[in-house]
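Data first, discussion second: the structure below is written as structure tokens.
So that the names make sense, note that chain A is the first sequence line, chain B the second, and so on, each numbered from 1.
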2 protein chains.
Amino acid sequence: MERQDLRKAGLKITLPRLKVLEILENSKQRHLSAEDVYKALLEMGEEIGLATVYRVLTQFEGAGLVSRLNIDGGHAVFELDDGDHHDHLFCVNCNRIIEFYDEVIEQRQRAIAESNGFEMTDHSLYIYGVCNREECKKER
Amino acid sequence: MERQDLRKAGLKITLPRLKVLEILENSKQRHLSAEDVYKALLEMGEEIGLATVYRVLTQFEGAGLVSRLNIDGGHAVFELDDGDHHDHLFCVNCNRIIEFYDEVIEQRQRAIAESNGFEMTDHSLYIYGVCNREECKKER
DNA sequence: GCTGTAAATGATAAGGCTTTTCATTTAGTA
DNA sequence: TACTAAATGAAAAGCCTTATCATTTACAGC
């Protein structure tokens with residue numbers, strides 16, 4: 001992810017934007033809430049307001065640099081958009097997120113949209129469950 | 001849906017609960033927000049507090065009488081749970097909701113959960129798009 | 001480099017939806 | 001019919017997110 005990507009999106013190259021990108025790229029977790037990003041910035045010593053974090057993430061989403069996930073009922077989570085679409089498995093115990101892509105499901109979705117007269121613009125698929133970590137399996 | 005269903009769920013049979021059930025069963029639209037239910041109650045002349053509506057719907061969900069949908073970013077929507085699982089097509093223009101069920105997708109989801117070591121507890125699939133109403137097609 | 005202007009930021013307030021609180025009322029049992 | 005736990009209503013509080021607005025900053029043009 002480069003300064004160029006910001007330019008292309010018509011966004012000025014500002015310290016908050018560069019730092020948010022940096023967090024998204026270098027964080028151990030690929031999926032971060034706005035709050036997560038905000039805290040990571042604080043840990044880096046960057047005093048960037050939470051409102052700015054929300055704004056920047058929303059702009060990045062608009063620019064296609066970032067995707068926003070809406071986990072059931074909860075808050076939004078962001079991930080870098082590397083161009084390949086995928087869906088998510090979500091561990092209801094440890095909140096771990098695993099990505100997957102399934103062409104069969106994709107095709108069926110397109111077929112369903114079409115047969116109902118829908119022009120599909122987007123879709124979201126979340127599989128919720130308990131993952132295979134020992135701590136989580138115990139909870140089953 | 002009967003008084004018995006409330007009893008089984010360990011819920012006392014109260015006027016608010018009966019009236020909320022009545023709305024869910026008799027409403028023209030199958031999918032209602034808490035606010036929708038609240039307004040429908042007012043129209044019936046029942047002065048039931050919004051907090052009660054939220055509480056009752058949440059209890060009904062816990063009892064398996066009702067399902068809660070989380071449309072992207074927006075508010076929750078409730079529908080009677082008649083026992084058959086289905087997913088939803090959502091018109092981003094007129095908010096119409098269409099239900100569908102696809103066994104191929106269901107199977108693939110189970111397979112994906114399994115191959116990732118997940119014990120699936122639930123899943124949610126929303127297809128967003130523009131439906132085939134004239135007013136909506138114009139927006140395309 | 002400097003300047004000007006539109007864009008970006010930060011702090012705070014406001015918003016929308018939902019849950020909590022707590023005093024009052026009610027269902028259902030003894 | 002009386003009692004007790006559960007349910008209700010009104011209002012406040014919560015949570016996440018967006019809007020407001022005065023101040024600061026990026027960057028195009030001189």
Side-chain angles (χ1 to χ4, degrees), chain A residues 2-23 31-42 44-63 65-79 95, chain B residues 2-23 31-42 44-63 65-79 95:
Chain A
E2 305 281 331
R3 301 165 89 91
Q4 301 311 328
D5 295 309
L6 295 180
R7 284 244 169 65
K8 280 182 211 154
L11 300 173
K12 286 185 179 174
I13 294 171
T14 63
L15 190 135
R17 286 177 181 148
L18 290 173
K19 291 298 175 187
V20 170
L21 267 187
E22 195 178 324
I23 298 286
H31 302 89
L32 299 165
S33 67
E35 190 77 28
D36 291 336
V37 172
Y38 175 67
K39 284 183 190 156
L41 288 166
L42 286 183
M44 284 175 84
E46 299 294 342
E47 307 242 332
I48 292 170
L50 183 56
T52 299
V53 173
Y54 273 103
R55 254 185 314 236
V56 168
L57 288 170
T58 300
Q59 291 160 340
F60 284 4
E61 187 191 12
L65 302 176
V66 151
S67 302
R68 181 191 302 251
L69 312 187
N70 293 294
I71 305 297
D72 245 20
H75 50 289
V77 174
F78 299 84
E79 65 180 12
N95 293 357
Chain B
E2 306 279 331
R3 300 164 89 91
Q4 301 310 329
D5 295 308
L6 294 180
R7 283 243 169 67
K8 280 182 209 151
L11 300 172
K12 286 184 181 175
I13 294 172
T14 63
L15 190 135
R17 286 178 183 147
L18 291 174
K19 290 299 176 187
V20 170
L21 267 187
E22 195 178 325
I23 299 288
H31 301 90
L32 299 166
S33 68
E35 191 77 29
D36 290 336
V37 173
Y38 175 67
K39 283 182 190 156
L41 288 166
L42 286 183
M44 284 175 83
E46 300 293 341
E47 306 243 332
I48 292 170
L50 183 55
T52 299
V53 173
Y54 273 103
R55 255 186 312 237
V56 167
L57 288 170
T58 300
Q59 291 159 340
F60 284 4
E61 185 191 12
L65 302 177
V66 151
S67 303
R68 180 191 302 251
L69 312 188
N70 292 294
I71 304 297
D72 244 18
H75 50 291
V77 173
F78 299 84
E79 65 180 11
N95 294 356

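- In this structure, of D/dC27, D/dA11, C/dT9, it is D/dC27 that holds the atom nearest to the side chain of A/I13.
- Across the interface with DNA chain D, nearest-nucleotide mapping of B/G49 and A/A76 shows B/G49 to be the residue nearer the 5′ end.
- Looking at B/R55 and B/T52, their side chains do bring a donor and an acceptor atom within 3.5 Å of each other.
- Among the protein residues, A/E47 comes within range of the sugar-phosphate backbone only, with heavy atoms under 4.0 Å from sugar or phosphate atoms but none that close to a base.
- If you check every strand for non-hydrogen atoms under 4.0 Å, B/L15 touches nothing.
- Checking side-chain atoms of B/R17 against main-chain N and O of B/K12 turns up a donor-acceptor pair under 3.5 Å.
- If you check every strand for non-hydrogen atoms under 4.0 Å, A/I48 touches sugar and phosphate atoms only.
- OP1 or OP2 of C/dT9 has at least one side-chain nitrogen or oxygen of A/T14 nearer than 4.0 Å.
- For D/dT17, the OP1/OP2 oxygens have a side-chain nitrogen or oxygen of A/Y54 closer than 4.0 Å.
- Using a 4.0 Å heavy-atom distance criterion, A/T52 is classed as a base contact.
- Residue B/R55 is classed as a base contact, given a heavy-atom separation below 4.0 Å to a base.
- Considering only side-chain atoms of B/R7, the nucleotide from C/dG28, C/dT18, D/dA7 that sits closest is C/dG28.
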